[in-house]
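Scroll down for the structure; my scribbles are underneath it.
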Amino acid sequence: MDDIFTQCREGNSVAVRLWLDNTENDLNLGDDHGFSPLHWACREGRSGVVDMLIMRGARINVMNRGDDTPLHLAASHGHRDILAKLIQCKADPNTVNEHGNTPLHYACFWGHDEVAEDLVTHGAQVCVCNRYGQTPLDKAKPHLKQLLQEKAEKMGQNMSKIPYKETFWKGTMRTRPRNGTLNKQAGIDYKQLSLLAKINENQSGELWQGRWQGDEIVVKVLHVRDWTTRKSRDFNEEHPKLRIFSHPNILPVLGACQSPPSPHPIIIAHYMPYGSLYTILHQGTSVQIILNGNMKSKHKNSLIDEDMTARISMADAKFSFQCPGRMYSPAWMAPEALQKKPEDINRRSADMWSFAVLLWELVTREVPFADLSNMEIGMKIALEGLRPTIPPGISPHICKLMRLCMNEDPAKRPKFDMIVPILEKMQDK
């Protein structure tokens with residue numbers, strides 16, 4: 001069978017679906033020129049394949065070797081429907097390639113009038129200069145230039161030229177090379193890793209910022225007491241399962257290995273420049289967070305990617321040999337999860353409680369029960385009825401949602417597929 005790039009280019013939906021169903025495949029890898037499957041589907045106007053790739057977790061603003069994003073290619077080839085899908089999924093209309101050209105530069109140059117109008121409607125700047133001092137208006141024919149200029153002025157754009165600004169590092173935005181993908185058996189060669197700076201250290205291990213095959217990464221070195229042949233075998237069996245997630249809100253690991261000379265299990269993960277949701281909430285950084293039913297507790301493990309979307313990092317999943325049965329974040333756990341055996345708990349209902357605590361954090365920007373130790377929190381939630389207090393001044397709609405999600409009866413909590421419609425109704429009010 002032809003490779004995935006050919007299948008996406010030709011719009012072979014059946015073959016693409018079969019390829020995506022093989023969980024060992026990486027849908028964000030690039031071909032010899034750094035084109036991802038999404039690049040090719042957008043370039044050739046394969047709308048159904050685009051939908052499939054986005055739904056499975058394709059990165060919207062990923063760049064090829066020329067720093068073109070899928071939006072550049074959709075705009076260049078006049079695929080208005082695909083451009084609309086990308087914009088809806090938070091594609092950046094002002095991203096620039098190696099020549100400093102935005103998608104609007106190409107829509108204007110190729111005379112795709114409606115595409116150019118759509119881009120301006122969604123925030124594309126008409127006066128941003130490329131590397132050669134040319135704006136999109138300079139590329140447009142007279143009638144389109146006048147149309148876009150009037151539209152931009154009505155939208156309040158500054159009509160002064162915006163000088164080109166060099167961007168020096170885009171490594172985390174580019175596709176992964178084909179020889180950078182992993183197979184289940186081989187893992188990663190420890191000698192290929194460069195550990196640059198230690199980010200954090202605690203009793204469970206060390207977190208390093210590093211480089212691998214030209215990309216910025218995070219390296220997690222686990223501290224495991226009495227590393228045995230059995231633990232090594234369990235690690236090698238379990239870590240490939242952390243790579244098999246194809247969902248836009250789950251961040252799989254890149255791979256794993258063991259470090260010589262004294263073996264330490266190592267997890268290699270994507271570097272996320274915005275850090276964790278926890279850091280953003282409690283250090284005052286203002287970003288747009290896209291919530292959905294897949295966001296659960298322990299949001300120190302929820303990282304914010306370049307599209308400003310919260311993604312659950314599988315690099316923080318616990319292995320079978322790591323402190324079995326230990327409770328790490330009781331403040332985010334449902335009361336029944338602290339009181340009952342795991343097999344007696346409805347996990348979906350318990351996760352809904354955790355989601356409610358996360359909502360509480362989003363609106364309060366506080367850490368729940370910050371003045372108590374984990375042991376005190378767990379005991380008080382389970383035995384003394386300790387619960388987060390909803391402060392005054394919070395939206396009554398959010399208060400109602402939090403109370404629904406923290407119903408003491410797990411069976412009366414809503415399901416996750418009900419949350420998005422509830423939030424959408426709130427926006428309309």
| request: Apply salt bridge (charged side-chain N to carboxylate O under 4.0 Å, His left out) to Arg347 and Asp351, showing your working. | output: CA-CA 6 Å; Arg347 291 307 315 168; Asp351 284 346; 3.7 Å; yes
Minimum heavy-atom separation for [X] and [Y], please, with both atom names.
X	Y	value
Ala356	Cys405	CB-CB, 3.5 Å
Pro330	Ile377	C-CG2, 4.0 Å
Val357	Ala331	CG1-O, 3.8 Å
Ile60	Cys89	CG1-O, 3.6 Å
Ile268	Ala256	CD1-CA, 4.0 Å
Ala124	Asn94	CA-OD1, 3.4 Å

Look up atom [atom1] in [X] and atom [atom2] in [Y], then write down how far apart they are to the nearest 0.5 Å.
X	Y	atom1	atom2	value
Leu53	Cys42	CG	SG	8.0 Å
Ile394	Cys399	CD1	SG	6.0 Å
Asn97	Asn64	CG	CG	8.5 Å
Tyr106	Ser76	OH	OG	6.0 Å
His122	Gln88	NE2	CD	9.0 Å
Leu362	Met402	CG	CE	9.5 Å

Looking only at side-chain N and O atoms, does [Y] offer a donor or acceptor that is under 3.5 Å from a partner on [X]?
X	Y	answer
Thr121	Asp118	no
Trp19	Asp3	no
Asp31	His39	no
Trp40	Glu10	no

| query | Any donor and acceptor pair, going by atom type alone, linking the side chain of Ser349 with main-chain N or O of Ala411 inside 3.5 Å? | reply |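 Answer holds: no.
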| Got a donor-acceptor contact below 3.5 angstrom from the Trp360 side chain to the Thr389 backbone? |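 At least one qualifying donor-acceptor pair exists.
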Can you tell whether the side chains of [X] and [Y] come within less than 4.0 Å, N to carboxylate O?
X	Y	value
Arg80	Glu114	yes
Arg413	Glu336	yes
Asp51	Arg46	no

Any side-chain heavy-atom pair from [X] and [Y] closer than 4.5 angstrom?
X	Y	answer
Ile419	Phe355	yes
Met52	Arg17	yes
Ile381	Arg387	yes
Val120	Gln157	yes
Leu148	Pro136	no
Val253	His239	no
Arg65	Asp32	no
Thr95	Asp67	no

| message | Applying salt bridge (charged side-chain N to carboxylate O under 4.0 Å, His left out) to Arg56 and Asp21, what does each step give before you reach the verdict? | response | CA-CA 10 Å; Arg56 296 295 189 96; Asp21 287 342; 2.8 Å; yes
| message | Out of the candidates Leu86, Thr102, Asp92, Ile82, only one should pair with Leu71 under the side-chain contact (heavy atoms from CB on, under 4.5 Å) rule; please name it. | response |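 Per the side-chain contact (heavy atoms from CB on, under 4.5 Å) rule, the option paired with Leu71 is Leu86, out of Leu86, Thr102, Asp92, Ile82.
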| message | Looking at Phe109, I'd like to know if its CZ atom is crowded, meaning that more than 12 non-hydrogen atoms belonging to other residues, nucleotides or ligands lie closer than 6.0 Å. | response |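 Counting other residues, nucleotides and ligands, CZ of Phe109 stays at 12 neighbours or fewer.
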| said: Taking atom NZ as the centre, does Lys145 end up with more than 12 heavy-atom neighbours from other residues, nucleotides or ligands that are less than 6.0 angstrom away? | reply: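 No, the 6.0 Å shell around NZ holds no more than 12 heavy atoms from other groups.
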| task | Evaluate side-chain contact (heavy atoms from CB on, under 4.5 Å) for Cys8 paired with Val16, printing each intermediate quantity in order. | result | CA-CA 7 Å; Cys8 290; Val16 173; 4.0 Å; yes
| field | Test side-chain contact (heavy atoms from CB on, under 4.5 Å) applied to Thr135 and Gln125, step by step | value | CA-CA 9 Å; Thr135 69; Gln125 297 287 325; over 6 Å; no
Only distances under 3.5 Å count here; give the side-chain donor-acceptor pairs of residues 127-134 to other protein atoms, sequence neighbours excluded, each with its distance to 0.1 Å.
{"residue": "Asn130", "atom": "OD1", "partner": "Tyr132", "partner atom": "N", "Å": "2.9"}
{"residue": "Asn130", "atom": "OD1", "partner": "Gly133", "partner atom": "N", "Å": "3.1"}
{"residue": "Asn130", "atom": "OD1", "partner": "Gln134", "partner atom": "N", "Å": "2.9"}
{"residue": "Asn130", "atom": "ND2", "partner": "Asn101", "partner atom": "OD1", "Å": "2.8"}
{"residue": "Asn130", "atom": "ND2", "partner": "Gln134", "partner atom": "OE1", "Å": "3.3"}
{"residue": "Arg131", "atom": "NE", "partner": "Glu98", "partner atom": "O", "Å": "3.0"}
{"residue": "Arg131", "atom": "NH1", "partner": "Glu166", "partner atom": "OE1", "Å": "3.3"}
{"residue": "Arg131", "atom": "NH2", "partner": "Glu98", "partner atom": "O", "Å": "2.9"}
{"residue": "Arg131", "atom": "NH2", "partner": "Tyr164", "partner atom": "OH", "Å": "3.1"}
{"residue": "Tyr132", "atom": "OH", "partner": "His99", "partner atom": "ND1", "Å": "2.9"}
{"residue": "Gln134", "atom": "OE1", "partner": "Lys139", "partner atom": "NZ", "Å": "3.2"}

| said: The criterion is side chain to side chain donor-acceptor pair (under 3.5 Å); which residues satisfy it with His72, sequence neighbours excluded? | reply: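 His72: side chain to side chain donor-acceptor pair (under 3.5 Å) contacts with Thr69.
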| field | Test log, rule side-chain contact (heavy atoms from CB on, under 4.5 Å), inputs Asp81 and His79 | value | CA-CA 6 Å; Asp81 59 331; His79 300 309; 4.1 Å; yes
| Centroid-centroid distance, Phe235 to Phe319, less than 6.0 Å |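 Phe235 vs Phe319: aromatic centres under 6.0 Å.
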| message | Quick one, Ile199 with Trp208, criterion side-chain contact (heavy atoms from CB on, under 4.5 Å). Give me CA distance, side-chain angles, the key distance, then yes/no. | response | CA-CA 5 Å; Ile199 300 172; Trp208 289 76; 5.8 Å; no
